[in-house]
> 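Sharing a structure, written as structure tokens. Questions coming.
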Amino acid sequence: MPLECLTISQINQGLQKKQFSCLELTEYYLTQISLQKSLNAFITVLAEQARQQAKIIDAKINRREKLPLLAGVPCAIKDLILIKGVKTTAGSKILANYLAPYDATVVTRLNDQGAIFLGKNNCDEFAMGSSNENSAFGPVSNPYVRDRVPGGSSGGSAVAVAADMCAFALGSDTGGSIRQPAAFCGVVGLKPTYGRVSRYGLIAMTSSLDQIGPITRCVEDAAMVFEVIAGFDENDRTTVMRPKENYLSDLSLSVKGKVIGVPKEYYLAGMSPEIEKAVKEAIDKFKELGALIKEVSLPHTSYALAVYYLLMPAEVSSNLARFDGIKYGFSSAVSNDLQELYHNTRADGFGSEVKRRAMIGTYVLSAGYKAAYYAQAKKVQQLIQQEYVEVFKGVDALITPTTPTAAFKKGEKFTDPLTMYLSDIFTVSANIAGLCGISIPAGQSFEKLPIGLQILGAPFAESKILQLAYQFQEATPFHCQRP
Amino acid sequence: MSLNIIEIERLANLAKLKLSTQEKKQYAEEISAVLKYVEKIQELPVKSLDQLLISQVCPENTNYSRDDVVIAQKPESAAALVRQAPHQQDNLIKTQAVFK
């Protein structure tokens with residue numbers, strides 16, 4: 001049986017029916033990883049470990065044991081998420097040789113299912129970036145057009161799925177870092193509601209916004225992985241006790257009569273006309289499927305990016321203070337006193353984007369400026385949240401473009417941080433307002449680059465947005481695109 | 001807000017980053033540009049945070065307290081963490097003197 005581009009269900013069926021073994025499937029992905037090394041999607045490949053895991057699963061299958069849905073399914077994990085005993089670098093020189101002392105909760109949950117870990121994906125350093133050009137381990141390439149970025153910060157994860165190097169991947173999203181690379185690489189990326197998935201074992205970037213989520217080939221795979229990783233965790237008390245829904249079985253519910261809001265502010269002068277067209281056509285498709293379309297207004301949308309680039313650096317400056325060359329990670333050899341140790345370790349260990357955001361953070365939190373910047377940003381965040389609460393009283397979901405343009409060229413925005421930040425303009429609101437959001441393939445540009453459609457839901461409404469995404473997928477050919 | 005070199009040096013010191021002269025210039029420009037963009041939030045006349053709304057947006061996100069009791073860790077956890085340190089001595093993490 002051909003092993004190309006299998007979905008999780010196909011893998012599950014194929015293994016049960018012994019059409020292929022788990023070891024064969026794992027070898028297939030390891031070969032794919034090796035052949036496409038130039039894409040630089042992986043920092044660490046766990047070849048031997050994966051083979052051992054696969055053999056265990058094959059033995060269970062031979063003993064006719066009943067296995068969970070993700071058993072034997074090979075996956076890749078963003079290098080911001082800890083796997084015990086494995087190098088976890090956060091894409092940074094400062095953790096280049098850091099061996100994780102424990103498993104992240106999401107890793108434990110996947111491990112309990114019997115998933116196979118193929119390796120750790122390259123990412124922007126400490127999740128800071130929208131192009132995967134900020135990694136200390138080199139940039140990642142978009143498999144569709146090699147001189148283009150894959151998006152970031154979960155660029156490696158999105159590429160691993162798009163280029164068939166794994167069945168699914170985990171990324172993390174703070175301002176769009178799952179959804180934007182998913183859009184650029186023509187795959188599905190889900191950002192759960194804050195508190196839905198445990199952050200225990202996720203290297204913290206912005207603790208009040210970070211969420212781990214699945215990147216997959218199709219919506220049903222995203223629902224499956226999400227169902228496994230979601231849920232309350234005693235080790236992360238920002239997770240909620242709210243019971244999970246039946247994300248997978250609810251996918252096939254009809255969208256007839258569902259109200260979809262189209263926010264008029266989700267438009268940027270100069271955005272790609274092809275993306276505008278793709279979103280308009282998607283709206284028409286939802287009308288065909290029986291949904292009701294309603295124009296809505298979110299007047300403070302234009303402030304969301306500013307709020308994000310105030311709150312996020314503030315938390316970053318705090319979260320990254322732990323990297324001091326003393327407890328773990330890189331330590332500068334030039335250290336005649338404590339201050340020198342700190343200054344040199346961090347100057348050598350961090351890349352320029354990290355330094356930039358840490359300094360912005362110290363600025364907005366410092367005495368004399370905190371009220372005007374950080375405190376004001378918290379108030380505006382609440383204004384934005386309030387708007388979404390009101391709008392979601394009248395709609396089931398919102399449809400927007402995921403990004404203003406398709407994947408841009410490497411180097412194009414790298415030298416101008418502000419231009420780079422603007423690529424997050426449609427994704428940050430979901431993080432700021434505590435919503436859930438999914439990006440799904442919705443077409444291709446003239447240059448054969450993927451275009452993503454974003455569906456936003458109220459907090460904990462993942463079931464609704466997954467349903468809408470699934471019905472759109474089943475009515476369109478876009479998820480079949482391949483690099 | 002446009003930052004000068006003195007202000008960048010202050011921020012670099014707060015963030016514990018040694019910067020070259022060239023870097024200070026570069027970051028002064030780049031950070032000033034970002035601050036200029038984010039300052040637009042100051043246009044908005046916002047009063048204090050509405051605590052009621054915070055609980056409405058996400059009722060599940062409530063503060064949690066537990067009893068102030070020691071929850072014992074496995075001894076191997078401490079050892080594993082000490083082993084991470086670049087400099088160790090006698091199962092302790094070693095560092096420069098805090099006080100000279």
Side-chain angles (χ1 to χ4, degrees), chain A residues 98-99 101 194-195 237-238 240-242 300 302-303 305-307 309-310 317 321 324-331 335-339 341-344 346-347 350 352 355-356 358-364 366 372-373 376-380 382-383 385-386 389 417-418 421 433-434 459-460, chain B residues 1 3 7-8 10-20 23 26-28 30-31 33-50 53-54 56-64 66 76-77 79-87 93-100:
Chain A
Y98 173 71
L99 293 179
Y194 183 81
R237 290 305 306 215
T238 63
V240 298
M241 295 217 182
R242 185 183 180 117
H300 289 92
S302 64
Y303 295 94
L305 196 66
V307 167
Y309 276 99
L310 278 158
S317 70
D324 55 12
I326 295 173
K327 298 184 286 295
Y328 41 69
F330 170 73
S331 185
S335 52
N336 296 311
D337 63 36
L338 195 60
Q339 292 300 319
L341 176 67
Y342 292 153
H343 284 253
N344 289 329
R346 292 160 67 82
F350 287 149
S352 51
K355 291 178 190 171
R356 199 158 26 239
M359 285 193 281
I360 293 172
T362 56
Y363 181 83
V364 309
S366 53
Y373 289 97
Q376 179 75 356
K378 290 304 284 181
K379 292 174 193 170
V380 178
Q382 189 167 70
L383 262 185
Q385 285 172 345
Q386 222 163 333
V389 166
L418 192 55
Y421 298 167
F460 306 105
Chain B
M1 172 58 110
L3 299 180
E7 282 161 324
I8 289 293
R10 182 179 76 90
L11 297 183
N13 198 37
L14 282 173
K16 303 285 178 229
L17 294 168
K18 181 175 175 188
L19 299 180
S20 68
E23 282 175 314
Q26 176 202 327
Y27 287 125
E30 290 168 350
I31 293 174
V34 175
L35 289 175
K36 194 156 173 252
Y37 176 79
V38 300
E39 273 159 11
K40 61 158 69 178
I41 61 155
Q42 287 159 2
E43 294 162 11
L44 294 169
V46 211
K47 291 192 221 129
S48 49
L49 285 177
D50 185 338
L53 183 67
I54 289 174
Q56 280 173 0
V57 167
C58 188
E60 285 92 350
N61 277 351
T62 54
N63 273 332
Y64 164 75
R66 64 172 177 84
E76 46 275 26
S77 302
L81 293 175
V82 171
R83 270 199 302 274
Q84 299 274 340
H87 305 288
I93 297 173
K94 193 169 158 186
T95 183
Q96 258 73 356
V98 176
F99 304 109
K100 291 212 171 140

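Here is the naming used below: chain letters follow the sequence lines, and residue numbers restart at 1 for every chain.
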> Are A:Lys355 and B:Tyr27 in a cation-pi setup, meaning NZ or CZ lies under 6.0 angstrom from the ring centre and within 45 degrees of the ring axis?
no

> Under 4.5 Å, counting heavy-atom pairs only, tell me which of A:Leu338, A:Val380, A:Val307, A:Asn344 racks up the most with chain B.
A:Leu338

> Output all residues satisfying side chain to side chain donor-acceptor pair (under 3.5 Å) with A:Tyr421, sequence neighbours left out; order by chain, then residue number.
A:Glu353

> Has B:Lys36 got more than 12 heavy atoms of other residues, nucleotides or ligands less than 6.0 Å from its NZ?
no

> Given a strict heavy-atom distance threshold of 4.5 Å, which part of B:Val82 is in contact with chain A: side chain, backbone, both, or neither?
neither

> Looking only at heavy atoms, what is the nearest atom pair of A:Gln376 and B:Ile41, with distance?
NE2-O, 2.9 Å

> Under 4.5 Å from any heavy atom of chain A, what part of B:Ile93 do you find: side chain, backbone, both or neither?
side chain

> Below 4.5 Å from any heavy atom of chain B, which atoms of A:Leu341 appear? Answer side chain, backbone, both or neither.
side chain

> Just so I understand: if I count every heavy-atom pair under 4.5 Å between each of B:Lys94, B:Glu23, B:Glu39 and chain A, which residue has the most?
B:Glu39

> Against chain B, label A:Arg237 side chain, backbone, both or neither, depending on which of its atoms sit under 4.5 Å from a heavy atom there.
side chain

> Is any side-chain heavy atom of B:Leu81 closer than 4.5 Å to a side-chain heavy atom of A:Tyr328?
no

> Is it the case that more than 12 heavy atoms not belonging to B:Lys18 sit under 6.0 Å from its NZ atom?
no

> Could you tell me if the side chain of B:Ile31 sits less than 4.5 Å from the side chain of A:Arg356, heavy atoms only?
yes

> Using non-hydrogen atoms only, which part of A:Ser366 is less than 4.5 Å away from chain B: side chain, backbone, both, or neither?
side chain

> Measure distances from B:Ala97 to the heavy atoms of chain A and classify the residue's part below 4.5 Å as side chain, backbone, both or neither.
backbone

> Below 4.5 Å from any heavy atom of chain B, which atoms of A:Ser317 appear? Answer side chain, backbone, both or neither.
neither

> Given heavy-atom pairs under 4.5 angstrom as the criterion, report whether the side chain, backbone, both or neither of B:Arg10 touches chain A.
side chain

> Looking at A:Pro417, A:Gly361, A:Ala358, which makes the most heavy-atom pairs under 4.5 Å with chain B?
A:Pro417

> Do B:Glu7 and A:Tyr363 have a side chain donor and acceptor closer than 3.5 Å?
no

